[in-house]
Structure formats: C-alpha cells, structure tokens
Amino acid sequence: MANSKRPLISINPFNGETLKTFQEMSSEDIEKAIGRADEAFLEWSNRSFDERSAILKRAGQLFEERTEALARLMAQEMGKKMSDGRGELALCAEIFRYYAEEGERILAPQHLSTREGEGTLLFQPLGVVYGIQPWNFPFYQPTRFTASNLIAGNVVLTKHASNVPQCAETFAQLLFDAGVPEAVYTNLPVTSGGAASIIDDDRVKGISFTGSNAAGARVAEQAGRNVKKTIMELGGVDPFIVLEDADLDLTIERFMEGKLGNCGQICLAAKRIILTEPIAKEFLQRATKLFQALKPGNPLEESTDYGPLCTEKAAEQLEEQVNQSVAAGARLLVGGKRKGAFIEPGILTEIPEGSPAAEEELFGPIACVWIVPDEEAAIKMANDSPFGLGGSVYTRDHERGHRVAEQLECGTAFVNHAASSYASMPMGGVKKSGYGRELGELGIKEFVNQKLIRHFD
C-alpha cells in the first residue's frame, strides 16, 4: 500500500500566491485512519437518531454562523465570488438540517404486505464509506455525501481535491466543532495515487465519486473488482433549450445565472444553448451585450462580475478548447481571451462537428450556442450526447415545458429555471454522466443495507 508522498499546495488563483502547503498522508497514516474509522462504526451506528440529529443540526448552524469566513476561504483558495460562496453555504446548512429533521422518518422500517405474505424492510448502515470530492464546491460536495451518511449511521472518509486542502481541513474542523467524533469523519489529505489504495481496503464498503468521466470510470472499475457499491456523478453538457414562446427577460436572467454561476465551473451549468430560430437573433444580441459589460475582479470584492477559474492550468485548457473550435470554423461573438487564471466570458456559435466545443465539456464561462428550427429539433439535439446530467427548457406554456422536459435524456430537468440542487430533491445523471443519486430520500438510501425480514406465523 505504498504511495509516493507529494505536497498539497493551496494557491490563490487571483494572484498566484501560495497560501499554505500540506503534507500528503503516508500509506501508514491512511491505514491507521481507516482502522480508526472502522472501529468507530459500531459506537456511532448504535447512537440514537436523536443524538446524531442534534449533531447535524449544530453543523447546519455553524455553516450559517461562519458563512463570511468560509466564503472568504473559497474566494481565496479557488476563486469563487463571495455571493456564490454564500449561496453554497446556505445550501450546506439546509442539507444538514434536512437530514437531521427527516433522516429518521426516511429510514424508518417499512411493513410489507404483499401477495406472498408479510415482511419488514430495514435500512441499516453499511460501515465505512468513502467520498472522492471535486474542487468546484468544496463545502457543498462533501456536505451532500457526509450529512446523509452520518445520519444513517455510516462513518465517512473523504478525499478532497488537491487544490482545496484548506477547505477540506476547515470542513472537517466544522464537523468536529459540531460534535462529530474525529474517527467518524476523516479528511484524508492525499493525491490520486494515495486515494486509489483506499478503494481496495475491505473495511471500506462503498465509494461516491464526483468528477470527470475518465477518472470516474477508473474508480468504478476498481470498485467493481472489489464488488463495492458506487455512486458516480460525472461530467455533463447540459442543454439549455429556448423555445420560441419563452419569456425572454426571464430566460436571459436564467441564462446568466446558469452559465456564469461559479464562473461556469458547475457540472449542471448550461453548456449547450439550443435556441429555436424565431428567438435566436434577439437572444444572442442581448446575451452578447450583457457579456461585453462584465468586468473581472477580485472574488473577495462585492463589485466583481467574474473572478478567475480555479487554476491557471484550467484557464489554459479552456482557452485551448476555444481556440481549437474557432480554428475549426466556430464563430466567437464575444470574449474568450485569457489572462492568467482569468478567461473572458464568451459565446461561440456556428460550431462545427468534431470541434472541442461540439464534443467536449467546456468547464468555464463559455456558452456554446446552436440554432434549430423548432421544438422537435431542439429535443433531438439535446439528446444527441453521450452525457445526461441535467437540462432546462424555457417556454411560457407550462404543459409544453413539462412535455419537453419529460423527453430529455437526463437525471434532472428544469422548466423555466437554471439547473440547481435542493436538499430534499435527488440529483444525479444517466448515460456517461453517471449513476446513483445524492440528496433527498433517494440519496440517503444509496449506502444502506435494504434488508428484508420475512415474517411467518
């Protein structure tokens, strides 16, 4: 179980300043951490729902009390605007509250009365579960995995993204301050090499992964060899369909939210803007004008329109995708230029097949636009993708919107709203966007043993 230790470096993408350096855990320390977690499971799972609920409620309170400090940390470590950070932290608080208040009800034993007799369905914790988390929502992502599993009685190990080690450490400390025993939640400061060995450990019963399709496929393959349950929330190229009868004022507002929230670094972000012909010209004129007016700035400052991407490397990759698409024939209406970790919000149209904008996920503030003749063509284009995470449709006709949403091949569809996450509603994808669900009642049941007890007289 050897791993070559590397430092985890926290760098401010706004100015390139090194904020803090962390030492990666050794193989021996990982082994000890898993052992402590495994030993802590029996005591934690035997605690009452009331005891676990009180701790989760306190965690939710701490997210509210510490919002400004936590938002500042995200702004400094991964470039998130303060307003975006506050929204993320409010959702974290709500997720902890939701599972604290609803967990016992959701996991209550269910009496079964079937054509073949009586039984009871129990929902029992599995043990140690392992979450591999991304950088783009450094508090929300571990929250949605951790809150559901802690209330269920599981014990949690988390490997966070290597570029947000301060957020990972701070999240763990908040839980400890709320009353979570240290062995019941463990932050593992490891890189991908160290992370892989954890999947093989027999004491780890399940793995949740959020990240790229390629990395998720590797994790799923390794977990499969070990016969372990996994949840995969992978990439997306979510369609944003604008029908000819859409309320354009509302739609443009939702477009700006869905494309520029978190500087476009969201799995559920609006990535393929599909416009029906009658509304396309006005939509593009208005969107281009709004993009032209946006000003970059320090994410700590309230007046900033957009901050940097998470790293300069991420900005370089996005710039290359834009440049290759333009070289292939795409038209760049506005933006797309890079300076350091900043990249101007941009709009690409006339995108040719085979170009990066047509084939890849552009993870940032670049809107890729297609114009189609009608609703039928919009649905066809939306579904012409190997991915299926989220999607949205805009129309004044509610029934029409629902009908279109039903036909989208995705895990989460929205009518007249940008794709979002909610504590009480499940989210996840289909096709190459992954499988399994987090949040809501479905999410809490992913890592429990759904045990049948069969009754006979």
Side-chain angles (χ1 to χ4, degrees), residues 22 33-34 36-74 77 80 85-107 125-133 137-161 164-189 208 421-424 438-440 443-444 446-448:
F22 294 76
I34 297 172
R36 287 192 296 269
D38 188 51
E39 291 174 2
F41 169 63
L42 183 61
E43 191 276 333
W44 178 252
S45 62
N46 281 331
R47 289 200 190 189
S48 68
F49 273 106
D50 285 345
E51 290 179 280
R52 297 199 296 263
S53 175
I55 293 173
L56 264 65
K57 286 180 180 177
R58 180 58 182 151
Q61 291 172 351
L62 291 179
F63 269 110
E64 292 178 331
E65 293 171 8
R66 300 177 183 181
T67 290
E68 289 304 303
L70 299 178
R72 287 184 65 84
L73 178 57
M74 287 191 285
E77 191 165 51
K80 190 187 296 283
R86 292 186 190 106
E88 175 175 344
L89 296 163
L91 180 55
C92 292
E94 177 57 25
I95 291 170
F96 273 101
R97 275 196 303 267
Y98 169 74
Y99 282 119
E101 295 169 0
E102 302 290 342
E104 183 175 12
R105 175 190 63 78
I106 298 169
L107 297 177
L126 295 180
V128 179
V129 292
Y130 176 36
I132 303 173
Q133 307 295 347
F137 288 93
F139 290 109
Y140 157 70
Q141 291 285 166
T143 286
R144 73 184 194 187
F145 175 67
T146 300
S148 60
N149 280 296
L150 289 184
I151 196 66
N154 288 322
V155 171
V156 175
L157 303 173
T158 297
K159 177 243 177 286
H160 223 318
V164 287
Q166 287 193 88
C167 288
E169 179 184 62
T170 302
F171 180 82
Q173 188 59 55
L174 184 148
L175 294 186
F176 302 151
D177 292 346
V180 177
E182 291 196 15
V184 170
Y185 180 86
T186 306
N187 169 45
L188 301 172
S208 175
S421 296
Y422 304 90
S424 60
E438 291 191 288
L439 300 174
I444 199 173
E446 288 284 2
F447 290 114
V448 294

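Numbering starts at 1 and runs along the sequence shown.
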Kindly compute the distance separating [atom1] ([X]) from [atom2] ([Y]), expressed to the nearest 0.5 Å.
X    : Y    : atom1 : atom2 : answer
E101 : S424 : CD    : OG    : 11.0 Å
F49  : L107 : CZ    : CG    : 4.5 Å
E51  : N46  : CD    : CG    : 10.0 Å
E169 : Q173 : CD    : CD    : 8.0 Å
Q141 : C167 : CD    : SG    : 12.5 Å
E182 : R36  : CD    : CZ    : 9.0 Å

For the residue pair [X] and [Y], what are the closest heavy atoms and their distance?
X    : Y    : result
L188 : A33  : CD2-CB, 3.9 Å
F171 : T146 : CE2-OG1, 4.0 Å
A93  : E64  : CB-CG, 3.7 Å
V448 : I444 : CG1-O, 3.7 Å
A183 : V155 : O-CG1, 3.4 Å
A100 : L56  : CB-CB, 3.8 Å

(request) Determine, step by step, whether E102 and R105 satisfy the salt bridge (Lys or Arg N to Asp or Glu O under 4.0 Å) criterion, reporting the C-alpha distance in whole Å, the side-chain angles of both residues, the deciding distance to 0.1 Å, and the verdict. (result) CA-CA 5 Å; E102 302 290 342; R105 175 190 63 78; 2.7 Å; yes
Side chain to side chain, [X] and [Y], heavy atoms closer than 4.5 Å:
X    : Y    : value
V129 : F145 : yes
P165 : E77  : yes
I95  : Y140 : yes
L175 : V156 : no
L174 : F139 : no
P181 : R47  : yes
L89  : M74  : yes
F41  : P125 : yes

Within the distance-only criterion (no hydrogens, no angle test), does the side chain of [X] pair as donor or acceptor with the backbone N or O of [Y] below 3.5 angstrom?
X    : Y    : answer
N154 : G127 : yes
Y99  : K57  : no
W44  : R52  : no

(request) List the steps, then state whether side chain to side chain contact (heavy atoms under 4.5 Å, CB included) holds for N187 with F176. (result) CA-CA 11 Å; N187 169 45; F176 302 151; over 6 Å; no
(request) Please test F96 against T143 for side chain to side chain contact (heavy atoms under 4.5 Å, CB included), starting from the C-alpha separation and ending with a verdict. (result) CA-CA 7 Å; F96 273 101; T143 286; 3.6 Å; yes
(message) Assess the residue pair E104 and S53 against the criterion (side chain to side chain contact (heavy atoms under 4.5 Å, CB included)); give the C-alpha distance rounded to whole Å, side-chain angles, the decisive distance to 0.1 Å, and a yes or no.
(response) CA-CA 9 Å; E104 183 175 12; S53 175; over 6 Å; no
(request) Please determine if E94 and R97 form a salt bridge, counting it only when a charged side-chain N lies under 4.0 Å from a carboxylate O. (result) yes
(message) Between R72 and E68, does any NZ, NE, NH1 or NH2 come within less than 4.0 Å of an OD or OE carboxylate oxygen?
(response)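 Looking at R72 together with E68, the answer is no, because their closest N to O distance does not fall below 4.0 Å.
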(request) Determine, step by step, whether N149 and E446 satisfy the side chain to side chain contact (heavy atoms under 4.5 Å, CB included) criterion, reporting the C-alpha distance in whole Å, the side-chain angles of both residues, the deciding distance to 0.1 Å, and the verdict. (result) CA-CA 9 Å; N149 280 296; E446 288 284 2; over 6 Å; no
